[in-house]
Number of protein chains: 2
Amino acid sequence: MNLHPLSQAFVLHFGEMGSRWGINRTVGQIYAALYVSREALTADDLVDRLGVSRSNVSMGLKELQSWRLARLEHRPGDRREFFSAPEDVWQIFKTLAEERQRREVDPTLSMLRDALLETAASPEDAYAQERMRRMHELIEQITDWFAEIRKLSPETLQSLMSLGGKVVKLLELKERVLGGRRAPDALAANERDQGDA
Amino acid sequence: MNLHPLSQAFVLHFGEMGSRWGINRTVGQIYAALYVSREALTADDLVDRLGVSRSNVSMGLKELQSWRLARLEHRPGDRREFFSAPEDVWQIFKTLAEERQRREVDPTLSMLRDALLETAASPEDAYAQERMRRMHELIEQITDWFAEIRKLSPETLQSLMSLGGKVVKLLELKERVLGGRRAPDALAANERDQGDA
DNA sequence: CCGATGTTTCAGTAATTTCTGAAACTTCAG
DNA sequence: CTGAAGTTTCAGAAATTACTGAAACATCGG
């Protein structure tokens, strides 16, 4: 491994994290190396910096491209392929969320829907189905919401986030101004365990 | 594997998902089996249902307990240990988020902070540091917000979620009512790429 | 078309992770 | 104390996943 010492810890850490996330070590390291590099890098640069084989880098780059976390660029007059990581950290976050949604959440929802269509043949089955229904409901709600959130501009998102838990106040405000036309109990319920944060 | 057919697909699916998430197959299956079971189960029940070795189940249950996703119960007059998954799906979601935060996000933030304290010895290092600063900022913002969100009661959370992207309207409302004391540009910026969803 | 430069594929090997069965340990009733 | 019922540990086997080097493939300038 042949990296500036400051980046080395970062790259190694991402390698470890990769392992934990079902992404392999090398892929994590390649991503990290691209992320901290000012210039786009060639596969050979990565071989040099990470000390892994050329073919391993090639596979890793392919994987990262499928996640849209590495971009291929060409330079005029140079036949080599250069790779870089997207700049905008918010964009990276959104991309990751979208890909995980597509690869993991959607298939899970689909499996759950199939199970819910079956006819329960016993009380045990009925219970299992009820549990699956709850899980389906939760996942669907969270992911729908996330999809909405992802559409917001980074600026809007930021003002929403810096609002933090105070968003509750905003919900109360809404109730007051618009006359509580929807789900008024929700806010009352909140008072119980929220207090005046 | 000796499961009601309706649960079988669910359990197998969770096994697969487990693999992708760095949790092992058996652990995923054990969790799924507990989740859909009306009764708490003994380790031997799980051996029977999943068709894996007793010791494997024992390890898996230990792992799940460390994630607070399986609870140990005792029944009076029975020396065996019974295991069950928490009922409340929201609670499960929060628990998972908390544990991942503790095990993965916190160490990452700490690594980033350390790197940011180093003195950059070259322009490359300075650039790497700047990138790390951005990542640190993003992660911190998201996790702080998440921590706030987790504090809300399920009811409040639900009314917030069913609001979806319309939360933007609420932010606008706030600006109007309170006189736009904070970050008024954020909302204007949003109009550009949001339209009137 | 040729050779130079660069990329991808893939079969075999290495490393890691998961799983098992046997043994050790624990707890309790009699 | 003894043995029955239950649980945990752990060394090695099995399975999976990651990595490599060599060969095949692709693209381009001349």
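Treat the numbers as computed from the prediction; the structure is a model and nothing was measured. Below, read A as the first sequence line, B as the second, and so on, with proteins coming before strands; counting in each chain starts at 1.
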*Can you label the angle between the A:Tyr35 ring and the A:Tyr31 ring as parallel, tilted or perpendicular, going by 30° and 60°?*
tilted

| field | side-chain hydrogen bond (donor to acceptor under 3.5 Å, both in side chains) between B:Thr42 and B:Asp45, worked out | value | CA-CA 5 Å; B:Thr42 64; B:Asp45 292 335; 3.2 Å; yes

So side chain to side chain donor-acceptor pair (under 3.5 Å) across residues 114-123 of chain A, not counting sequence neighbours, yields none

**Request:** Answer yes or no: is there a side-chain heavy-atom contact under 4.5 Å between A:Arg131 and B:Glu87?
**Result:** yes

Salt-bridge contact B:Arg38-A:Glu130 (side-chain N to carboxylate O under 4.0 Å): no

When rounded to whole Å, the CG to P distance for the pair A:Asn24 and C:dA15 reads 16 Å

note: A:Arg20, atom CZ; C:dT16, atom P; distance rounded to Å ~ 16 Å

Side-chain donor-acceptor pair under 3.5 Å between A:Thr156 and A:Ser153, yes or no?
yes

Under a 4.0 Å heavy-atom cutoff, the residues of residues 48-82 of chain A touching DNA chain D are A:Val52, A:Ser53, A:Ser55, A:Asn56, A:Arg79

Applying a 4.0 Å non-hydrogen cut-off, can you work out what B:Thr26 is touching in the nucleic acid: base, sugar-phosphate, or nothing? sugar-phosphate

Greater than 12 external heavy atoms within 6.0 Å of B:Arg134's CZ:
no

Scanning both residues in full, the closest heavy-atom pair of A:Val47 with A:Val52 reads CG1-O, 3.4 Å

First and last nt of DNA chain D near chain A, cut-off under 4.0 Å to heavy atoms, 5' to 3', are D:dA18 to D:dC28

Taking for B:Arg25 and for B:Thr42 the nucleotide of DNA chain D with the nearest heavy atom, the one nearer the 5' end belongs to B:Thr42

